[in-house]
Amino acid sequence: MSMSESAQGQAETRPGQGARSADSPESPESVDQELIDEVVGSVPELSPLDTLRHSCAHVMAKAVQRLWPEAKVTIGPPVETGFYYDFDIERPFSQEDLERIEAEMQAIVEADEPFERHEIPRDQAIELFRELGEDYKVEIVERLPPEASITYYSTGDWLDLCRGPHVASTGEIKAFKLLSVAGAYWRGDERNKMLQRIYGTAFPDKKQLREHLHRLEEAKKRDHRKLGKELDLFSIDETIGGGLVLWHPKGARVRYLIEEHWRREHYASGYELVSTPHIARDALWHKSGHLNFYGENMFSGMDVEGQTYLAKPMNCPFHFTMFNRTLYSYRDLPVRWAELGTVYRYERSGVLHGLLRVRGFTQDDAHLFTSREELPGELERVVNFCLYILRTFGFSDFKLYLATRPAKFVGDPELWDEAEAALHAVLEKSGLEYEVERGGGAFYGPKIDLKLRDSLGREWQCSTVQVDFNMPERFDLKYVGQDGDRHRLVVVHRALLGSIERFFAVLVEHYAGAFPVWLAPVQARVVTISEKQDAWAREVENDLRRRGFRVESDLSSDKLGAKIRRAQLEKIPYMVVCGDREVERREVAPRTREGQKLESMGLDDFAEHLADKARIPGGEGP
RNA sequence: GCCCACGUGGCUCAGUGGUAGAGCACAUCCUUGGUAAGGAUGGGGUCGCCGGUUCAAAUCCGGCCGUGGGCUCCA
């Protein structure tokens with residue numbers, strides 16, 4: 001039940017209440033706080049960069065109101081990589097408008113107008129903003145306590161309700177850029193009016209701005225949707241349906257390589273693999289509670305001979321039902337079952353996004369059935385296993401998040417404490433960066449989420465390890481103890497890669513499509529210089545293929561340069577050149593995609609070289 | 001679902017009222033060339049779908065579908 005988050009949570013926004021206020025200032029609860037923070041109390045602490053960006057947002061608002069006096073201002077906070085400001089204006093902003101606004105902002109910056117702080121009583125503030133026609137500012141002030149003293153900042157002839165702080169004057173804003181326009185609901189509530197949001201960014205100097213824009217470009221180039229098309233990895237076709245993925249041969253190849261590795265490591269680590277159906281009767285979903293608490297995300301049922309069947313959004317109920325077919329002894333525990341289980345979830349059309357947010361995806365799910373006593377050891381083991389596997393895929397930078405007991409919870413508080421203490425110990429032992437989100441856990445148990453940072457420094461959530469005190473009750477999961485009595489089990493849900501689709505997307509972006517040799521859909525391409533070498537090329541291809549490598553040959557009539565170029569663009573790790581010299585000596589002249597030319601060598605040597613490069617990194621076990 | 005933008009051959013895109021174009025890819029032919037594009041010829045598009053305006057619609061209008069940037073959502 002719990003895997004929804006891990007598999008589908010967006011990269012930048014961590015699910016769970018604790019995380020929400022920290023990560024997304026736009027979410028409903030935090031917006032109110034945002035409003036309050038923005039206008040009352042003493043000048044808050046804001047990093048110099050955030051202060052700069054906040055000031056830049058003010059300059060932008062002033063520029064917008066100069067150009068379109070009818071625009072009403074709302075709020076404009078700094079965000080992680082810049083700032084935004086929301087306006088209420090009929091006219092939608094266009095890309096050309098952004099340029100006009102930027103020019104106007106530049107004029108304000110050049111005027112070097114000081115930011116001046118003013119403090120006035122609440123009543124006066126309401127009157128002031130009412131006169132200005134700034135209805136949203138009036139609304140904000142009206143929501144504040146009556147005794148509050150209100151501050152606003154002015155720059156020249158313009159002012160804005162704001163708590164501050166700001167830079168001393170607009171001249172300090174040296175490097176900024178407006179990036180995009182988007183719709184955004186007033187106060188983040190979809191029942192409210194849709195405002196026009198302009199996103200921008202600002203930096204202390206032009207160099208840093210350039211670097212940031214360059215990173216954005218780089219991220220765009222690595223977008224898995226773009227590379228997915230260019231490298232012919234996957235597609236999503238409207239005649240099949242949004243969020244339903246078609247894996248092309250090359251993408252499927254990588255996927256199956258990931259899965260093979262995953263299966264091998266799970267068997268090696270004491271898991272059994274299971275397999276369960278895609279649909280089940282509604283009775284199961286009533287029993288698990290999913291229809292009740294997850295029904296909105298489930299595809300509607302289909303009628304089969306008068307019975308309703310629904311596509312599974314999660315795998316757990318199948319595993320639990322299967323577990324109950326047998327009465328397990330304490331000697332059998334912990335039982336570890338894993339499945340690459342394909343689930344279907346209804347997601348609103350607007351949220352679908354490449355492979356990162358889809359409607360049908362495969363979770364690398366596992367359930368650990370353990371006694372209370374063995375829970376701590378099992379938790380440590382599973383977290384280490386996750387870290388180990390992620391490292392084999394080339395990730396080394398991790399951050400962990402522990403989410404603890406919320407106000408509303410089920411189960412024994414003592415058990416909660418034990419589990420949380422165990423998770424805490426795992427975090428400490430790991431030596432990795434971590435954060436504790438007090439009260440951020442689900443009602444059924446505490447959890448650890450694991451995020452990895454990719455080559456561009458972006459964070460992606462993959463693994464989640466969640467203790468569950470609820471499902472064992474619903475499914476009456478028990479084992480026979482040493483004393484001969486039946487005891488309640490504890491279940492740990494775990495997704496390691498999250499979902500195969502998502503993880504694949506992260507891999508594509510991390511490597512910019514240049515997969516490491518062990519994952520590359522094509523490891524080597526045999527290229528000939530002329531058709532005189534065709535026979536030898538075929539022999540090379542077949543030989544290497546028999547040795548287990550993924551090889552193709554390019555026997556087209558193009559010149560060598562063109563063949564090399566094509567292979568480069570396809571990001572194939574090795575190009576194996578066969579010319580007359582090589583034919584004569586029964587050798588190949590390899591070249592790497594990094595442009596390195598290797599000495600001409602025989603097939604045994606090349607196979608050895610390739611096998612060495614195709615080794616899975618850190619594959620020695622956890 | 002909401003706001004905005006976009007939807008033209010397999011791909012990337014040009015074409016703003018007069019019945020479709022480029023590059024790449026593909027096919028055939030010429031070339032047999034040593035590490036990121038050799039040349040020629042050719043095939044391929046009911047311009048997302050439906051309706052409307054007009055003598056005439058890829059182009060203007062409306063609806064729908066899809067995609068993108070965000071918002072909301074993702075216990």
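Proteins get letters first, then strands, A, B, ... in listed order; numbering begins at 1 in each.
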Select base, sugar-phosphate, or nothing to describe what [X] touches, counting heavy atoms under 4.0 Å on all strands.
X	value
A:Ala589	base
A:Lys563	nothing
A:Asn297	nothing

For the side chain of [X], counting heavy atoms from C-beta on, which of [options] is nearest?
X	options	value
A:Phe443	B:A75, B:C71, B:C73	B:A75
A:Gln568	B:A36, B:G1, B:A75	B:A36
A:Lys597	B:A37, B:U35, B:C73	B:U35
A:Met194	B:A36, B:C3, B:A75	B:C3
A:Arg565	B:A37, B:U12, B:C73	B:A37

Would you measure the distance from the [atom1] atom in [N] across to the matching atom in [M] and give it in whole Å?
N	M	atom1	value
B:A27	B:G10	P	15 Å
B:C11	B:U67	C1'	16 Å
B:A22	B:U41	P	12 Å
B:U59	B:A20	P	13 Å
B:A58	B:C65	P	23 Å
B:A56	B:U12	P	34 Å

Should the pair [X]-[Y] be classified as a salt bridge under the 4.0 Å nitrogen-to-oxygen rule?
X	Y	result
A:Glu90	A:Lys193	yes
A:Asp449	A:Lys451	no
A:Lys72	A:Glu134	no

What about A:Phe87 and A:Trp68, are their ring centers closer than 6.0 Å? no
Report yes if the distance between the aromatic ring centroids of A:Phe318 and A:Trp285 is under 6.0 Å, otherwise no. yes
Under 3.5 Å, N/O pairs linking protein and nucleotides 30-32 of chain B:
| from | atom 1 | to | atom 2 | distance (Å) |
| --- | --- | --- | --- | --- |
| B:U32 | O2 | A:Ser530 | OG | 3.1 |
| B:U32 | O2 | A:Glu531 | N | 3.1 |
| B:U32 | O4 | A:Glu531 | OE1 | 3.0 |
| B:U32 | O4 | A:Glu531 | OE2 | 3.2 |

Tell me the closest heavy-atom pair linking [X] and [Y], and the distance in Å.
X	Y	value
A:Tyr136	A:Asp88	OH-OD2, 2.7 Å
A:Pro406	A:Trp416	CD-CH2, 3.7 Å
A:Ile572	A:Val522	CG2-O, 3.6 Å

Write down the distance between OH (A:Tyr185) and P (B:G70), rounded to a whole number of angstrom. 15 Å
Going through the checks in order, is the side-chain contact (heavy atoms from CB on, under 4.5 Å) test met by A:Met471 and A:His367? CA-CA 11 Å; A:Met471 283 294 168; A:His367 293 98; over 6 Å; no
Does [N] have a Watson-Crick or wobble mate here (both distances under 3.5 Å), and if so which one?
N	result
B:C60	B:G52
B:U35	none
B:A5	B:U67
B:C24	B:G10
B:A75	none

I need a per-nucleotide contact map over nucleotides 61-69 of chain B, read 5' to 3'. Cutoff is protein heavy atoms under 4.0 Å; write B for the base, S for backbone only, - otherwise. ----SSSSB
When you check every protein heavy atom under 4.0 Å of nucleotides 23-28 of chain B, what one-letter string (B, S, -) results, 5' to 3'? ------
hbond_proxy A:Arg357 side chain to B:C73 base (donor-acceptor, 3.5 Å cutoff): yes
Which comes earlier along RNA chain B counting from the 5' end, the contact point of A:Glu582 or that of A:Gly350, where each point is its nearest nucleotide? A:Gly350
Side-chain heavy-atom pair A:Leu544, A:Gln523 within 4.5 angstrom cut-off: no
Residue pair A:Ser235 / A:Asp237, side-chain donor-acceptor N/O under 3.5 Å: no
Apply the salt bridge (Lys or Arg N to Asp or Glu O under 4.0 Å) test between A:Glu509 and each candidate in A:Arg458, A:Arg225, A:Arg222; give the one that qualifies. A:Arg458
Cation-pi, A:Phe203 ring and A:Arg53 (6.0 angstrom, 45 degrees): yes
